[in-house]
Amino acid sequence: MFVGSLYVWRGNLPRDHPNTIKRRFTSVLCVSAVSPLVVLAWTNSMKVRPSPPLWALLGFRLEGFVPAALLPLTLTMVLFLGPLTQLAIESPRGLFHDVKVGLNSRSWSKCVKDLRWLRNQVVAPLTEEFVFRACMIPMLVPCTGPTAAIFISPLFFGVAHFHHIIEQLRFGQDTVFEILICAAFQFTYTYIFGVYTAFIFIRTGHLMGPVLCHSFCNQMGFPAIGSVLQHPQRPAILLSYQLGVLLFLILLFPFTDPAFYGMTPICSLLLTPRSACA
C-alpha cells in the first residue's frame, strides 16, 4: 500500500519536482491513516487482544515521552560523532555559529517552505516509521517474538526502497549495473537502520524516538568515510569515528532501558498465545 500509493498519480515528473512531492505527501498520509485500521482488523481476525489501547500499541502515549524523545536521538548523535566532528572542523565560521544560525526562526521558516526539506525531515520519517515500525511490529511480535520482529520488519522497509530503481531507469541517470549496485547498497543500509529503529521502538514503546532518529539520519546522510581518508585532520576525525562507535555500543542498552519509558505496550503482546498467529 505504501509504495503502490506513490504511483497512483499520472505523469513522468522526477521525484524532486514540487508536484510529485505534493502528490506523494497525499499518498503516504492517506496510507498512514488507513494503516491503523489494518492493524485493528488483523488483531480482531487473529483474536489478538492486547491490553493497552491501539494508539498506545502504535507508540502514542505520554508515559516516558520526554526520555523517548531525548535518549534515542542522543544515542544516534553519539554514533555520528565522527561526521559531526568533521562538520565542526570544516565549518568556516565555527560550530557554535552554525548552531545559532540553525536555531534562528528565519532558518526554520525557510526550511518549512522547502518541500524537499519537509519530505526528508518530516513527512518521510513520520510516515515511514509509523507504517513500517508502529503498525508492522505489533502484527509481527505475537507471531515471531520481539527479537525476530526486530530483524524481519526492516526487510519490508528495505525492499520498499527498491522503487527508486523505476525512476532511475526512466530518466536514464546511470547504467543498469550502477543502478542495481546502488539499490543493493541502499537496501543494506536501510535494513540496518530499520533494525536499529525497530529495536528502539520495541524497547521504548514510543514512536517519537524512531521518528527523530530517522529525521536526524536523513539530515546527516551516509557518512563520507572516503573523504576522511584524504582529510588534513584525518587522525582526529578517525578517532572521533571510533570513539562514537564505541560509546554507541556502550550506551545502546542503557539508553533504551525500558525502565525509563514505563511498561512498553509491545510486552502485552507476548502474553498472546502464539497459536493465535498460526
Side-chain angles (χ1 to χ4, degrees), residues 1-3 31-32 34-61 63-64 67-68 71-72 75-76 79 124-162 186-214 217 248-249 252-278:
M1 287 171 56
F2 191 91
V3 177
V31 172
S32 297
V34 172
S35 293
L37 302 179
V38 175
V39 179
L40 183 62
W42 180 86
T43 56
N44 290 332
S45 65
M46 294 296 179
K47 297 181 173 58
V48 177
R49 296 290 183 267
S51 56
L54 180 64
W55 58 83
L57 198 63
L58 301 181
F60 295 97
R61 59 197 186 96
E63 184 184 15
L71 293 182
L75 182 65
T76 307
L79 179 61
L126 180 59
T127 57
E128 289 178 4
E129 294 303 320
F130 181 67
V131 171
F132 289 95
R133 246 66 73 185
C135 292
M136 192 171 291
I137 288 177
M139 293 194 290
L140 286 172
V141 167
C143 304
T144 67
T147 302
I150 288 172
F151 293 97
I152 293 174
S153 62
L155 291 172
F156 300 98
F157 181 61
V159 169
H161 286 77
F162 279 145
Q186 187 177 37
F187 172 81
T188 301
Y189 75 73
T190 52
Y191 174 78
I192 294 172
F193 175 78
V195 169
Y196 174 54
T197 54
F199 175 83
I200 292 174
F201 180 77
I202 287 180
R203 294 271 290 180
T204 67
H206 280 272
L207 180 63
M208 180 58 69
V211 170
L212 292 178
C213 293
H214 195 146
C217 289
F248 173 80
L249 294 175
L252 178 61
F253 282 91
F255 271 39
T256 59
D257 189 336
F260 288 119
Y261 312 101
M263 176 66 176
T264 54
I266 293 294
C267 294
S268 67
L269 297 174
L270 299 179
L271 303 177
T272 302
R274 298 175 69 88
S275 59
C277 302

Taking only residues two or more places apart in sequence, or in another chain, which ones meet [X] in a ring pair (Phe, Tyr, Trp, His ring centres under 6.0 Å)?
| X | value |
| --- | --- |
| F187 | F162 |
| F255 | none |
| F130 | F60 |

Excluding sequence neighbours, so at least two apart, what forms side chain to side chain contact (heavy atoms under 4.5 Å, CB included) with [X]?
| X | value |
| --- | --- |
| E63 | R61 |
| P125 | V211, H214, S215, N218 |
| L54 | P36, V39, L40, L58 |
| P53 | W55, A56 |

For the residue pair [X] and [Y], establish whether any side-chain heavy-atom pair is separated by less than 4.5 Å.
| X | Y | value |
| --- | --- | --- |
| P67 | Y261 | yes |
| I202 | I137 | yes |
| W42 | P142 | yes |
| F132 | T197 | no |

- Determine which pairs satisfy salt bridge (charged side-chain N to carboxylate O under 4.0 Å, His left out) with at least one residue from residues 200-211, sequence neighbours left out, and list them in order. none

- Task: Any pair with a residue in residues 131-157 that passes salt bridge (charged side-chain N to carboxylate O under 4.0 Å, His left out), sequence neighbours left out, goes on the list, sorted by first then second residue, please.
- Result: E129-R133

- To the nearest 0.5 Å, tell me how far L212 CG sits from L126 CG. 10.0 Å

- Note on the structure: Distance col, row L140:CG vs I150:CD1, nearest 0.5 angstrom, shows 11.0 Å

- Message: Less than 6.0 angstrom separating the ring centers of F199 and F253, yes or no?
- Response: yes

Closest non-hydrogen atom pair between [X] and [Y], with its separation:
| X | Y | answer |
| --- | --- | --- |
| F151 | L155 | O-CG, 3.9 Å |
| P52 | L57 | CG-CD1, 4.4 Å |
| P210 | H206 | CD-O, 3.3 Å |
| V131 | S35 | CG2-OG, 3.7 Å |
| V141 | A149 | CG2-CB, 3.9 Å |
| P154 | G194 | CG-C, 3.4 Å |

- Item | Under the side-chain hydrogen bond (donor to acceptor under 3.5 Å, both in side chains) test, residues paired with T76 that sit two or more places apart | Y196

